[in-house]
Amino acid sequence: DINGIVLYYSYFDGASWSTPMHVFADGTMDYMPQLYLINGTAHLVWQNATTAFHNTDTLESIAPYFDVSVAEFHPESGFDVVHISNEGLDMLPVLCGDGDTRYVVWLHNGQNDWFGNNRANSILYSVNIGGIWSEPVIAYSGLKSIDGIAADYDGSLKIAYCMDGDGTINTAEDVC
């Protein structure tokens with residue numbers, strides 16, 4: 001069952017590992033997790049399904065039901081999870097930041113095209129300053145197929161991505 005793809009964590013307290021627990025158990029698929037250490041605190045970001053899927057679903061039918069989730073770890077209580085909702089297909093999330101400023105950056109396709117061949121790709125971000133995540137902001141739009149994103153924060157947000165330069169997925173003319 002694809003809905004059984006769930007993120008677990010175990011915490012090492014210096015002497016032993018805790019019993020594995022769900023990061024967020026909502027009965028839906030968690031996909032593409034990325035773990036980051038920011039100022040000594042563990043953070044997760046992942047592509048999170050917003051509904052349970054069925055065996056009869058197709059890639060096209062499930063595409064609009066993926067958002068981005070981000071979580072911060074607290075040893076005494078586990079992960080504090082926030083969902084960043086957005087219309088359309090959201091994927092390839094990455095996280096960066098320092099201190100009280102964190103950014104989640106991801107690929108968005110408003111036409112729910114997993115392969116992004118329709119120039120409907122955008123790179124979005126949400127910023128967390130002092131504990132509250134902003135609404136998604138468009139950093140770049142009208143992009144061709146994207147196969148990788150990286151982000152860094154050192155006082156300002158920097159985003160890098162690799163894109164199919166000629167719009168033909170079967171050629172090797174990528175632009176990074």
Kindly check if the number of other-residue, nucleotide or ligand heavy atoms within 6.0 Å of [atom1] ([X]) is above 12?
X   : atom1 : value
D13 : CG    : yes
Y11 : OH    : yes
L37 : CG    : yes
F53 : CZ    : yes

If hydrophobic clusters are built by linking Ile, Leu, Val, Met, Phe, Trp and Tyr wherever their side-chain heavy atoms come under 4.5 Å apart, do [X] and [Y] end up in the same one?
X   : Y    : value
M32 : L7   : no
W46 : V70  : no
V68 : V23  : no
L44 : Y36  : no
F24 : V104 : no

Starting at [atom1] of [X], measure out to [atom2] of [Y] and round the result to the nearest 0.5 Å.
X    : Y    : atom1 : atom2 : answer
E135 : I84  : CD    : CD1   : 9.5 Å
M91  : L107 : CE    : CG    : 4.5 Å
L89  : W106 : CG    : CH2   : 12.5 Å

Evaluate the ring planes of W17 and F12, with Trp represented by its six-membered ring, and classify them as parallel (under 30°), tilted (30 to 60°) or perpendicular (over 60°). tilted
Counting N and O atoms only, with roles assigned by atom type, does the side chain of W133 sit under 3.5 Å from a partner on the main chain of V82, one being a donor and the other an acceptor?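 Flag not set: sc W133 to bb V82 has no pair under 3.5 Å.
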Under a 3.5 Å threshold, yes or no: a donor from one side chain and an acceptor from the other, between [X] and [Y]?
X    : Y    : value
S145 : D164 : no
D26  : T28  : yes
H108 : D90  : yes

For the rings on Y9 and H22, is their centre-to-centre separation under 6.0 Å?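 No, they do not, as the ring centres are separated by 6.0 Å or more.
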By side-chain contact (heavy atoms from CB on, under 4.5 Å) - contacts of T58 (at least two apart):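 Partners of T58 by the side-chain contact (heavy atoms from CB on, under 4.5 Å) criterion, ordered by chain and then number, come out as E60, S61.
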Please set out all donor-acceptor pairs under 3.5 angstrom arising from side-chain atoms of residues 121-128, sequence neighbours excluded.
from : atom 1 : to   : atom 2 : distance (Å)
N121 : OD1    : N109 : ND2    : 2.9
N121 : ND2    : G116 : O      : 3.2
N121 : ND2    : K144 : O      : 2.9
S126 : OG     : S134 : N      : 3.4
S126 : OG     : S134 : O      : 2.6
S126 : OG     : S134 : OG     : 3.4
N128 : OD1    : G131 : N      : 2.9
N128 : OD1    : I132 : N      : 3.4

Check which hydrophobic residues are tied to V6 through side-chain heavy-atom contacts below 4.5 Å, counting indirect links as well, and list them.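 When side chains under 4.5 Å apart are linked, the cluster holding V6 also contains Y8.
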